[in-house]
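Working notes for the structure below.
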2 protein chains.
Amino acid sequence: MSKRHAQPTLSDVARLAGVGVGTVSRVVNGGINVSPETFRKVDAAIQRLGYRPNHAARVLKGGRTKTIGLLVPSIADSFFASCAEAAGRVARLHDSLLIVSVTKNRHDAEMNSLDVLMRHRPDGLLLVPSSSSQTDLSRLLNRSPIPVITFDRPLPGSGCSSVLTNSFESAREATAHLIGHGYKRILCFGGEPELYTIAERVRGYHKAMEEAGLPPMIDTSLGPDASRASSLLAVHLKSKRPPDAILTLKNSSTIGTFQALQELGVPVPSRVALLGFDDFELATTLRPAISVVQQPIEDIGRTAAELLFAQLEGASRTKTSNRLKQNQVILANRLVIRRSCGCGSV
Amino acid sequence: MSKRHAQPTLSDVARLAGVGVGTVSRVVNGGINVSPETFRKVDAAIQRLGYRPNHAARVLKGGRTKTIGLLVPSIADSFFASCAEAAGRVARLHDSLLIVSVTKNRHDAEMNSLDVLMRHRPDGLLLVPSSSSQTDLSRLLNRSPIPVITFDRPLPGSGCSSVLTNSFESAREATAHLIGHGYKRILCFGGEPELYTIAERVRGYHKAMEEAGLPPMIDTSLGPDASRASSLLAVHLKSKRPPDAILTLKNSSTIGTFQALQELGVPVPSRVALLGFDDFELATTLRPAISVVQQPIEDIGRTAAELLFAQLEGASRTKTSNRLKQNQVILANRLVIRRSCGCGSV
DNA sequence: CGGCAGGCTGGAAACGTTCCCAATCCAAGT
DNA sequence: ACTTGGATTGGGAACGTTTCCAGCCTGCCG
């Protein structure tokens, strides 16, 4: 059997131990109905040969692949990286591993990655959809025999559960906080308005401004990287109605805006206050410390993975899956007040 | 064949198209020696059934798994996350996916993760060894039928290639730079001296101090997180021979040290200069901007993956593998001078 | 003492694919 | 006309595992 450098197989072990393949299989799988003596013999042979079960054969026979797919825009992004870490931890608890692929937020790359990923027959899929498109949706919905959980963004119409945060509410709250400071010309600033989270945040901002009777000032023309922040902000600041506060829509916008203000020599918060979405490691170290809306990143990844495994369990057990299938978990963001919005004295 | 919700198989397609399984297989694999007409028929059947090849069966038959394992201390760490992204990009070019698992820099977790990972029979392995231990080494070396590439840290005696950076040289250069400023009491500060990179950097620092005839001041008692930086530094600063410059040994130490100095009200660089290992996004945004030794992170991940696939190609082709097997790639770090070391005026 | 239950064991079938070999067909060469 | 050969096709064997069934032995009950 064993050609040369090939891995030893069940029958190699069986031959060495002088037993049948069935017996070895029983030993490998916990040793029920195996005499202690035989167990010892077989175990010794396993150790001696360094036998490892062939995963592919097990899967082929009909088992789980013990693998879940993770499809995110980028794995270098700290947000998704932390989600991945948390999800990976949960996976390990279920004796599973993560197969990772990236979408770059582009639909074609996403479809391609999805296709490659599905070839590996993961038991389930954790997905951050790049958009709410239709081809995507239909393929997932129509012939995905595996449960799919979406996080950070929903996939309406696909019927799969999502783990989201209350972007709308927290944007509204954050904006209201700025309004409470007395700022009247609050600029909502950032990029990629086509993304769900960004759109929700803009909506929340809009609502709060409306409620306060203030005219909304929205500029979502900043790109994915925040390279143009400085020039864009220069224009806003030189306009006849310059903003006295800025709500930034995501991590990179917040940092880009801070850098731009620093570069332009605009004092924060005395001339322009700043409050941003997404916390970051050095937010407390910058001067002034940046006030942010903090997402429960770890919880997002963890919850998504837990939901997925719950569906997997449910699928193999009973018809409880309906309750799980319609789940939509909304986690609460936290407004973390520091200095940049004009508060405190730290 | 197809029970109910099961995925369609080759023979399902064959039956629908009215051909043999062999023909369908040929179509799926590029359609050589298949008449155009038959190709059309089969392709139609494939589309209609939504057939996807069963990866497990292919693998079992002896093919590649199109999968490479990535074993890193943490995937949330920006350094490893960026390496992973780069490696993943290379993998995709080779039609492969990444299976990720984490070691937390702990030996037991590493062995466990490795075991779980190997069960999935990746075609190759990208590894950041938690230590230079022996059990680990022997298992990898003895019965790993797949190529293993180590990065960030070597695994001496294992015979596998590594992708490293010139930690020693760049630490020496960085220290020399500080010495060039006229600093004489340079503290080498950070944690985890058991890690290869840290040890090399300490060695480089030591060498530079020795060459300048200065007494080394080394404190590597800071933990993995930099939580104790403040109290440790307070002690150093109050000693009768307080440092006038600090060389920090890694990312988190650099940030922790900066935070501690800020907290303690120590002006940088006028009272204590700072130069750290590892660049980070906001290094230019902090005031003063932090001078750092910058590692070519993307290159590390990319090179490691490229080396791995080169070995995979080589293994299936000829005996060129010897040349590849002994490869040890050392990438050059870059000293990025900003303000915190006392230079410039930005 | 005969039969039977139950622990233990060996081995065949099946999972879905690829690879190989044999079979078929048609055109062309002798 | 008969052979040859290439192109095309069908189908069996094998990959390594799990699962199931039959067989064996032992000890116990009737």
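Lettering of chains follows the sequences in order, A, B, ..., and the numbering in each one begins at 1.
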Specify the separation, in whole Å, of atom [atom1] of [X] and atom [atom2] of [N].
{"X": "B:Arg15", "N": "D:dT9", "atom1": "CZ", "atom2": "P", "value": "19 Å"}
{"X": "B:Asn29", "N": "C:dC19", "atom1": "CG", "atom2": "C1'", "value": "11 Å"}
{"X": "B:Ile32", "N": "C:dT18", "atom1": "CD1", "atom2": "P", "value": "12 Å"}
{"X": "A:Gln7", "N": "D:dC15", "atom1": "CD", "atom2": "P", "value": "15 Å"}
{"X": "A:Leu60", "N": "D:dC15", "atom1": "CG", "atom2": "P", "value": "14 Å"}
{"X": "B:Arg119", "N": "D:dG16", "atom1": "CZ", "atom2": "P", "value": "18 Å"}
{"X": "B:Leu10", "N": "C:dC19", "atom1": "CG", "atom2": "P", "value": "12 Å"}
{"X": "A:His55", "N": "C:dC15", "atom1": "NE2", "atom2": "C1'", "value": "15 Å"}

Quick one, [X] and [Y] - any side-chain contact, counting heavy atoms below 4.5 Å?
{"X": "A:Thr103", "Y": "A:Val128", "value": "no"}
{"X": "A:Val28", "Y": "A:Pro53", "value": "yes"}
{"X": "A:Val13", "Y": "A:Arg48", "value": "no"}
{"X": "B:Thr150", "Y": "B:Pro129", "value": "yes"}
{"X": "A:Phe309", "Y": "A:Ile68", "value": "yes"}
{"X": "B:Val329", "Y": "B:Ser161", "value": "no"}

Could I get a table of every N or O pair under 3.5 Å where one atom is in the protein and the other is in nucleotides 20-28 of chain C?
none

Students should find that the end-to-end axis angle of the helix from C:dC1-D:dG30 to C:dT30-D:dA1, with five pairs defining each axis and rounding to 10 degrees, is 70°

Under 4.0 Å, heavy atoms only, any strand: does [X] hit a base, just the sugar-phosphate, or nothing?
{"X": "B:Val19", "answer": "sugar-phosphate"}
{"X": "A:Val34", "answer": "sugar-phosphate"}
{"X": "A:Gly31", "answer": "nothing"}

Candidates [options] - which lies nearest the side chain of [X]:
{"X": "B:Asn33", "options": "D:dA7, D:dT17, D:dC15", "answer": "D:dA7"}
{"X": "B:Ser35", "options": "D:dC15, D:dT8, C:dC15", "answer": "D:dT8"}
{"X": "B:Arg58", "options": "D:dT17, D:dT9, C:dT17", "answer": "C:dT17"}
{"X": "B:Lys61", "options": "C:dC19, C:dT9, D:dG16", "answer": "C:dC19"}

Below the 4.0 Å mark, does C:dC15 have OP1 or OP2 next to a side-chain nitrogen or oxygen of B:Asn54?
no

Can you tell me if the side-chain N/O atoms of B:Thr23 get under 4.0 Å from OP1 or OP2 in D:dG10?
yes

Would you say the side chains of B:Asp123 and B:Thr65 form a donor-acceptor pair under 3.5 Å?
yes

Nearest heavy-atom neighbours spanning B:Leu164 and B:Pro154
CD2-N, 3.7 Å

Going by side-chain contact (heavy atoms from CB on, under 4.5 Å), B:Pro73 matches just one of B:Arg153, B:Glu110, B:Lys104. Which one?
B:Arg153

Let me check something: any side-chain donor-acceptor pairs from residues 34-42 of chain B under 3.5 Å, sequence neighbours excluded? List them with distances.
residue, atom, partner, partner atom, Å
B:Ser35, OG, B:Thr38, N, 3.2
B:Ser35, OG, B:Thr38, OG1, 2.7

